[in-house]
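Mind having a look at this structure? Questions to follow.
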Amino acid sequence: MTQLERRALAALAEPPLPPDEWAEAYRVIPRRGNPEPGRYTLTRTPYWREPLQALGPRSPHEFVTIMKSPQTGASELSRTAIGYWVDTSADPVLLLFPTEGSAREQLDERVGPMLRETPRLARWITARARDFSLDEIALAHCTIYPAWASSPQATASRPIRFVVLEETDKYEGSAREAPPDKLAEHRTTTYRHRRRVLAISTPTTKLGTIYRLWRTTTDRRHWHSPCPACGVVDRWTWESFRWDGRGVVREDDEADAR
């Protein structure tokens with residue numbers, strides 16, 4: 001056993017922080033491809049605190065499904081979850097993307113820089129150059145595997161404890177196989193209640209994967225935000241808005257103006 005492996009075992013014996021506290025204490029957003037690099041904070045995205053908490057070891061939730069709008073910080077949330085699992089567990093992580101190109105790109109341009117520039121995670125990187133590749137990232141104590149929806153073999157070859165399903169509504173699987181998200185989920189059965197599966201996507205239609213996953217969860221929640229006019233915290237839906245030719249107008253605001 002190497003010195004790095006011994007340090008890894010000693011570190012994993014420490015009681016872990018909850019995921020949201022870990023994120024704000026240790027997570028660093030890398031410089032590459034980010035307009036605001038630096039310490040990660042939930043100040044701007046408080047709606048991600050509860051989903052992060054649900055991904056921790058003390059949570060009763062094995063599956064967390066997030067159906068969201070574009071550009072809301074969900075990708076950073078998924079990478080934060082990856083970082084947390086890497087830092088607090090020795091079990092493998094699978095990242096499932098729509099295509100091979102997107103899987104390798106994310107590993108190279110997003111996940112890799114996060115590991116290198118977050119000191120808490122950089123301590124797990126080995127000195128072997130071959131351990132850091134586009135096919136997998138082998139750390140001192142665990143491995144991160146990329147996979148893509150069009151390759152059933154990429155999702156069905158090994159037991160996995162942690163799975164991230166990115167942009168599920170862009171998945172295109174084989175007609176002869178189960179849906180890609182199901183194939184990935186089957187890899188976690190060995191870990192039973194200790195598994196964590198995070199699915200994230202912007203919805204396309206009510207026939208899309210993320211809507212199906214969200215509808216089948218037993219604990220469905222919505223984000224409620226304050227109205228800029230009256231301050232009432234409410235769930236905003238498309239039925240509450242209309243287009244007036246210049247922009248979107250909320251019906252409640254128009255009624256208050258009258």
Side-chain angles (χ1 to χ4, degrees), residues 16 18-23 42 45-85 88-89 91-98 102 106 145 147-149 152 155-156 159-173 177-225 233-240:
D20 58 320
E21 294 181 23
W22 180 94
L42 290 164
T45 56
Y47 41 84
W48 292 142
R49 186 176 296 278
E50 191 172 359
L52 272 175
Q53 292 171 345
L55 294 167
R58 298 177 183 175
S59 167
H61 302 287
E62 297 177 22
F63 300 87
V64 175
T65 299
I66 297 176
M67 186 168 58
K68 49 82 181 182
S69 59
Q71 301 299 313
T72 52
S75 294
E76 288 299 340
L77 166 75
S78 69
R79 286 189 283 274
T80 298
I82 295 165
Y84 179 77
W85 293 330
T88 60
S89 170
D91 296 313
V93 181
L94 176 71
L95 314 180
L96 182 62
F97 292 91
S102 61
Q106 286 292 320
Y145 299 100
W148 46 97
T155 59
I160 298 289
R161 181 182 176 188
F162 303 109
V163 174
V164 174
L165 307 173
E166 282 273 8
E167 290 301 332
T168 63
D169 279 24
K170 296 180 181 178
Y171 289 175
E172 294 182 4
E177 300 282 348
D181 62 291
K182 289 297 183 183
L183 291 175
E185 179 189 327
H186 291 162
R187 297 303 92 212
T188 66
T189 54
T190 300
Y191 290 92
R192 299 183 181 179
H193 66 279
R194 297 173 58 235
R195 64 184 172 181
R196 295 291 181 270
V197 179
L198 171 63
I200 296 178
S201 186
T202 301
T204 51
T205 69
K206 290 188 176 182
L207 299 177
T209 301
I210 198 67
Y211 191 78
R212 168 174 57 81
L213 293 173
W214 185 79
R215 288 291 298 173
T216 55
T217 58
T218 56
D219 182 4
R220 292 196 297 270
R221 307 189 184 192
H222 298 86
W223 173 254
H224 292 64
S225 56
V233 177
D234 194 9
R235 176 188 166 200
W236 289 30
T237 63
W238 282 117
E239 291 78 10
S240 303

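Numbers for residues simply follow the sequence, beginning at 1.
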Six-ring centre of Trp214, Arg220 cation under 6.0 angstrom, axis tolerance 45°:
yes
Which heavy-atom pair separates Tyr145 from Pro92 by the least distance, and what is that distance?
CE1-CB, 3.9 Å
Could Glu167 and Lys68 be called an ion pair, given the rule that one side-chain N must be under 4.0 Å from one carboxylate O?
yes
Heavy-atom side-chain proximity of Leu42 to Trp48 below 4.5 angstrom:
yes
Which residues pass the side-chain hydrogen bond (donor to acceptor under 3.5 Å, both in side chains) test with Ser102, sequence neighbours left out?
Thr99
Examine distances only and state if a side-chain atom of His224 and a backbone atom of His222 form a donor-acceptor pair shorter than 3.5 Å.
yes
Can you tell me if Ser201 uses its side chain to pair, donor with acceptor, with the backbone of Asp169 under 3.5 Å?
yes
Test item: Thr45 and Thr72 side chains (from C-beta on) under 4.5 Å apart, heavy atoms
no
With a 4.5 Å cut-off on side-chain heavy atoms, are Pro19 and Trp85 touching?
no
Less than 4.5 Å apart, side chain to side chain, heavy atoms only: is that true for Ile200 and Leu198?
yes
Are Trp223 and Tyr47 close enough that their ring centers fall under 6.0 Å?
yes
Dump the intermediate steps for side-chain hydrogen bond (donor to acceptor under 3.5 Å, both in side chains) on Ser59 and Gln53, then the final yes or no.
CA-CA 7 Å; Ser59 167; Gln53 292 171 345; over 6 Å; no
